[in-house]
Structure formats: C-alpha cells, structure tokens
Amino acid sequence: MNLVIVESPTKARKLKGYLDTGYKVEASVGHIRDLPKTSIGVDIEQDFKPTYEVSLDKIRVIAQLEKAARLAETIILATDPDREGEAIAWHIKHVLTQDTKKTKKFVRAKFYEITKSAVLEAIEHPTTINMDLVDAQQARRVVDRLVGYEVSPVLWKKIRRGLSAGRVQSVALRMIVEREREIEAFEPDEYWEVDVALSAKQLKAAKVFLEENKFNLPDQSFIARAIQLNQKKYEPTKKDDVTDVIGLFPHASYTIQEVEKKERKRSSLPPFTTSTLQQAAANRLGYSSKQTMRLAQQLYEEGLITYHRTDSVGLSSQAIEMVRKYIGKTYGDGYLPASPRVFANTSKNAQEAHEAIRVTHINLDSQAVPGEGPKLAAQHAKLYDLIWRRFVASQMPAAVYDQTSLTIKAQPARKTQIESVTLKATGSVLKFDGWMKLFTASDDILLPDLEKGVTVHYLDHNAAQKFTQPPPRYNDASLVKELEKKGIGRPSTYASIISVIEDRGYVNRDAKRFVATPVGMTVSDFLLKHFPDFMEYEFTAEMEEDLDRIARGEKEWPKVVGAFYRPFHKKVGLAEKADRAQIPVEKTGEKCPKCGDTEKGEVVIRSGRFGKFKSCSRYPECDFTENIVETVAGAKCPLCGEGEVIIRNSRWGKPFYGCGRYPECNWASWRQPKPGETITKTVWAEMQKKREERKKKREAAEAKLYPERAAAKLAAAEKAAAKKAVVKEKAAAKTTTVKKKLTKKKSPKNLSSKPHSTASQRDLAKR
C-alpha cells in the first residue's frame, strides 16, 4: 500500500476518487510543526537555527499519519506546489521519519490542478523535496519571527501594550498612512469644464444638459468641449474665465475644422495571476483579498481551477488546445486567432513556474459550480465565472474600434475680444467585439458622419465648476497593485498582509477603502523614525528578492538572515531608549466633568487596548475616564434577545461581539450575528461545554508533549491564584477594620469618654 499525504481534507476526498485501492490518502490539515508560540524559537548564535514544535491541535492527526505510514511501502507527499507546500512536506517527512523504525521511501508529487490526469501524472513521475524552497520558507519565517519578537516589546513600552510589528505588514501600513497624510494635506484647485451641444441638423435650441453626466441628446447630435480660445489653450480656473465665453455660444456659427478617423485595436489581458485575480474580484465583485483567496482555495481543492497562488501568466499547451477548440466551436473561426496568444512572464521566479489561474473544465458552466462540492455556493460561482471569462478571452482576437475626432471652430456673431473658440468631440464605434464578447463594454459614443467644412448647429451649452480631487484611499485592488509594483510581499502573502493590519486595529474600512487609525499612524511614524531601513520600500523589496534567490539556490539562507538581523538588532537597542510616543486624540468639544470648571480640562477620545474611550485632555493630572460602547445598529443578542450586540476588543486587540447585558448573559462571538439570528440556551450550553472540552484536551496534550511548559504554566496559575487570595484577604481585613472603627464611633461609651461641649452632653442625655 502507498500512502498519499495532502494538506486539505477536501483535496484528500478528491484524490480518493482518482486513485485505486493500492493508495491510501490522508490529510495533514495544514502545517503540523511550527515555531513555538511561547518563545522565540530561533537560536541566533547557531546560524539562526529554528526550533520547531508539533502543534497541539495536530497530535491526533499525526497519530493517524504515523499509523498509516507504518503500513505503507512508499509515502507520497502531495502538498501544494509552492514554498509553503514544500515546507509542509518536509515537516511531515521529518515527523514520520522519527516514528518509523525502518527507513521509508519518501517521494514528492506536484500537480497544479486537481484533475485525474494531472494527479496520476504527478504520482507516476515523482520527484524529491526541493530544499531550496524549504530554506526560502524557513528564512521568511525566521526573519518574521525575529522582527515580531524584537520590535513588538518596544512598541509595548513606547506606545501601548498589545501592539506588534511585522516585516511586510508594517511597510504596507506605511503606504496607507502616507496616503492618509496626502489626503489631509491636499488643497483642491478650482477648474471649469465648458461644453456645447451641437447638431448636424437644423434644430431649435433645446435643453440638453440635465444633470451631471446626464443628457437629452437628439439624433445626429453630439457634445463638444472648449479647448482653445483665440488659438491658445483654454483652461478656465474661475467663473470669470467662462462668463464671456458662454455668452457667445447661442449666437455663434460652428464649422467642422478637422475630421480624424482611426481604427484602433484593444487586445485582451492575460489570464489571472494571484494579484490580478484579487484586483479584479475587488473591482468587479466587491470581494476582499482574504475572501477571494478563500473562495479560490475551495475552487482549487474541488478541482475546478488550477493552483491559485502564482504570478505566472503562462498556459500549458494542453490548456491552450482545450480553449482554442472551445472558442472555434462556440463562437466560430472569426473569434479564433491564427496562432495561440503567448504572454511573457515579468517575474523572475514566477512562483516556481506555475501556470496562470484558469479553469480545468472549459465546458463547466458557472451555474453548475455550487453542485460540484459541499462548500461551493453563489460566491464561488461568481469568482469561477470571472476566471473562466478571463481565461477564454485571453485566447480571443483583439476588439476593433473606429475612433473619430471632430475639431469645431465657433465664430462669434459679432466682433469681440474673443475671435474664436475651438471645441473638440471624440467618439468611437465597436466594429468587432473580439474578446470583449465575454465582457460588457461601455456604451459607444457615436458621432454623426460629418465632413470638413460642414456647418453644425447650436442646441445648448453648459459650464460646470469642478475641483481637483485628493488621491483616493487604497482599497483591496489598488493596495495589492501597489504592493506588487513595489515588490513588497508575494502573491501568497497579499491577503494575509491586509488581514493582519486590519486585525491589529491599524486600519479600518470605510466604503471598502482603508483608513489609517490613530494607533496605526502612531505605530507607522514610530517605526519609520527608529527603523528607517526596515520601513523602506526598496529594502523590503530587496529582502523579497533575496528570498527568491534562496529559492533558486543562489544564496544560503543563514547568511541572508544574518545580513538582515545584525543592523536590525542594533536599531532595536536604540529604539528602546527613545521617548514614549503619544497616540493622537480626538477632541469632542466637551468640558471634563471632573476638572473642566477649575482646570479647563476637555473630554477627548483615546484609543486603548480594548477600543476607544473618553478621557480628560489633562491626563494623568486628571484621571476622568468613561467607556464608549460601540453597538451593532438594530441588532439584539441572539441568546437572550434583550441586550444590544456590543463590539468589544479582546486583550490582543481583536474585535469580538458580546451581549450588552454581560455578565447576566455571557453570549460572545468572533462573528457579527446576522439580522434575526437566534441561539437557544441549550445549544449555547452545548457550545460552551465543547469549548471547555477542547481546552482541556489541549492542556492534556500539552502536558503530555511538553511537561516542562505545562508545569511552568501550572506554577504561574498557582502563583496568580495565591496573589489573588492575598489581595482578597487584605481587602477583607481592611473591611473588618473599617467596620470596627464605625462600631466604636457609634458606641455611647466611646463617645462619653471624650470631652464634649455642654450642648453635646445634653444631646447624649436625650439619647
């Protein structure tokens, strides 16, 4: 029996359908080993040697793999065909080699699509683990761990507890912060657009310009824009620049001065890479990068698309043959180029020479996608359809346009300082749709068929005041595009980069665009000041290129890590001596209820570990604070149905949702509840019970696997409990002392033992 190991249970299910009874397929469910969570796990003195630990939640999985491996003749490692997959295969081999008494034969099988032919081909022609790819992944992991473990404590001391930094994420954050500063500093400039509606027919003047970008154009009419005044460039910047000009239009004569006709072609784009897929999904479907990659992962695992982590635009000969046959049969020979279209890869590494992202079954309609797997739904179908269209369109001919430009001379009816106004109109007509048959084109701008010297007639005019706009904030598409342009990160990391800076509270989304928070700005400014090299775009891009060089076998990973770490470590030491940074506050205009009348303190909104809160501007001199409760509008607790759904932050800064009636109701969730969603007390109790059972299993597994760590954790818990007991005991003792003092004060004997005034004595006598 041969054992095939993949990462995903879904992939395992698909492979079982392709392989005969001589193969057993198991899933590792991702990584089975990683750097430890409670320590740095990197020996800096020994060439940055990493220490890996078995993940506690994978103990049962490993036991299953070990059991299957003992019975197998050959172990086929069929993890994903990239650096991460190569590293997973290497870790699996290491763990299973430790268990098996005799040496097993380990081989590597790589396939870029989960189809029967591709899987069988890969298993029949296995290779070995590529240690260059493993080393590149190790180098990335080690560098990221060193950055996180050395910079994060500095941020805790100098800004706020719970913050963290990342080699690539911090640079991406810098991009968003810089864009925010550009927007804040932007000063709009006024300009005007002057348009005239003209007709080839003799018509009465009529209302053509209705509202912005909406017109009521009669047949054989068009709109021209003023571009010259007295043969000089016309760029009006204020109302005075247009008043005299528009006054001439109703009575001027208009003559076609020049007609220019050109045929233009627009070629199709290449099939998707990871970054272009994320950009297109964001622009066309509104998907976040994280969402796109999750959906693509599931489409890949169900065998519907090729591997989705790639920066290659190449297609296999089989894929080209398949799509050309489909185009000819479906759309006719007119839509089939004489020879296949070939696109050049711009990346040196091109993700280990993967194909571009394409569908595996050209005849599978997107509407049938939900029926191809239990996890597939309408969102998967939309993304699949986008991939299908881009793949097919890439092998179709160019779209052909007829583009026409008209230059019109407006001659005033009477002699003025303005001798003439030159206007221009441009339009195009789609002659042959080509690849655009698969994509909706914008409406054609049609111009009348006019000759030079022909007179055209005035209908209406419009002068619109405009202002220049600041650069737009980044969204998923534009941020990924800019990251790729600057060489920061790689296709497989874009989604995680965005996800991390969101989870840390460094950026928020506003209308699907990223807005830097005060905390994000403070962190970025601090890192840029004290770690300028680490935050430079070119430096980060060069580090990515070094990782690629390791993957190509051109560099040794410990030397690359060492060259990065030594100067970086010195910067950490200097940053620890820096002054504390202050997170910007948001003014409310309210007086501080505690010191506003006496010390003129104001209420400001600050950002803390657990979210925003109100505070006095004079802190720490004034200790006034007040919580700001953020709620989900119109939502009620799914468990009790009474409390509002409140957004809180965990101690690590990650937002979660809870009931506003806590502790009376203890419902909490990482996911925002859907409108009308409910959960019964029985179901909630069962969920709590299962959560507690999982916690106990993890603790038991940790105690068995890492007894020293478990003992240390137990000792720490006992110490904390003892400390809590002492505090409680002191509080109880203090309460007892206060009660005794109060009792003594109320005692007549105690009161009579002290001298009193005559009036006081009379009062006591009455009592």
Salt bridge between [X] and [Y], side-chain N to carboxylate O under 4.0 Å?
X: E642; Y: R661; result: yes
X: R513; Y: D510; result: no
X: K571; Y: E150; result: no
X: R694; Y: D57; result: no
X: D623; Y: K594; result: yes

First locate atom [atom1] of [X], then atom [atom2] of [Y], and finally report the distance between them rounded to the nearest 0.5 Å.
X: I583; Y: F526; atom1: CD1; atom2: CZ; value: 12.0 Å
X: L383; Y: I357; atom1: CG; atom2: CD1; value: 8.5 Å
X: Y300; Y: R309; atom1: OH; atom2: CZ; value: 9.5 Å

Full working for side chain to side chain donor-acceptor pair (under 3.5 Å) between Q138 and Y52: CA-CA 11 Å; Q138 285 196 105; Y52 294 108; 2.7 Å; yes
How are the rings of W667 and W684 set relative to one another: parallel (under 30°), tilted (30 to 60°) or perpendicular (over 60°)?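 Tilted: the ring planes of W667 and W684 meet at 30° to 60°.
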Looking at residues at least two apart in the chain, or sitting in another chain, which of them share a side chain to side chain donor-acceptor pair (under 3.5 Å) with E182?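 With sequence neighbours excluded, E182 shows a side chain to side chain donor-acceptor pair (under 3.5 Å) to no residue whatsoever.
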Is atom [atom1] of [X] surrounded by more than 12 heavy atoms (other residues, nucleotides or ligands) closer than 6.0 Å?
X: F186; atom1: CZ; value: yes
X: E187; atom1: CD; value: no
X: Y537; atom1: OH; value: yes

Centroid-centroid distance, F467 to Y191, less than 6.0 Å: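 Not close enough - the centres of the two rings lie 6.0 Å or further apart.
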Under 6.0 Å between ring centres, would you say that holds for F534 and F568?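 They qualify: ring centres under 6.0 Å apart.
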Test side chain to side chain donor-acceptor pair (under 3.5 Å) on T273 and T276 and set out the steps. CA-CA 5 Å; T273 62; T276 55; 3.0 Å; yes
Please name the pair of heavy atoms, one in [X] and one in [Y], separated by the smallest distance, quoted to 0.1 Å.
X: L547; Y: A136; answer: O-CB, 3.6 Å
X: N283; Y: A477; answer: OD1-CB, 3.5 Å
X: W192; Y: T237; answer: CD1-C, 3.9 Å
X: S289; Y: V480; answer: OG-CG2, 3.6 Å
X: K58; Y: I32; answer: CG-CA, 4.1 Å
X: A87; Y: H31; answer: CB-CE1, 4.5 Å

Candidate list K555, R490, R140, test salt bridge (charged side-chain N to carboxylate O under 4.0 Å, His left out), partner D548, passing option: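 Single salt bridge (charged side-chain N to carboxylate O under 4.0 Å, His left out) partner of D548 among K555, R490, R140: R490.
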For L146 and V561, what are the C-alpha separation, side-chain angles and deciding distance, and is it a side-chain contact (heavy atoms from CB on, under 4.5 Å)? CA-CA 10 Å; L146 292 172; V561 175; 3.9 Å; yes
Of I646, I647, V645, which is the lone residue that meets side chain to side chain contact (heavy atoms under 4.5 Å, CB included) with T631?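 It is I646; the other options fail the test.
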Of the options H308, H380, K375, Q379, which is the one that meets Q298 in a side chain to side chain donor-acceptor pair (under 3.5 Å)?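 Testing Q298 for a side chain to side chain donor-acceptor pair (under 3.5 Å) against H308, H380, K375, Q379 leaves exactly one candidate, H380.
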Centre of F624's six-membered ring, under 6.0 Å away, within 45 degrees of the axis: is that where NZ or CZ of R618 sits?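 Not flagged: R618 not positioned over aromatic ring of F624.
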Is the shortest side-chain heavy-atom distance between K49 and V42 below 4.5 Å?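 No; the side chains remain at least 4.5 Å from each other.
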Tell me yes or no: between the side chains of R504 and Q169, is some donor less than 3.5 Å from an acceptor?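 No, no side-chain donor-acceptor contact under 3.5 Å.
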Say whether R606 and S615, considering side chains only, have a donor N or O and an acceptor N or O under 3.5 Å apart.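 Yes, S615 and R606 have a side-chain donor paired with an acceptor closer than 3.5 Å.
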Would I40 and R145 count as a side-chain contact (heavy atoms from CB on, under 4.5 Å) if you check the C-alpha gap in whole Å, the side-chain angles of each, and the deciding distance to 0.1 Å? CA-CA 7 Å; I40 190 168; R145 174 55 65 96; 4.0 Å; yes
What verdict does the side-chain contact (heavy atoms from CB on, under 4.5 Å) test give for T588 and V604, after you've listed the backbone C-alpha separation in whole Å, the side-chain angles of each residue and the deciding distance to 0.1 Å? CA-CA 6 Å; T588 64; V604 296; 5.8 Å; no
Could you give all pairs that pass the salt bridge (Lys or Arg N to Asp or Glu O under 4.0 Å) test and reach residues 467-487, with sequence neighbours left out?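 Sorted pair list: E180-R473, D476-R509, E482-K486.
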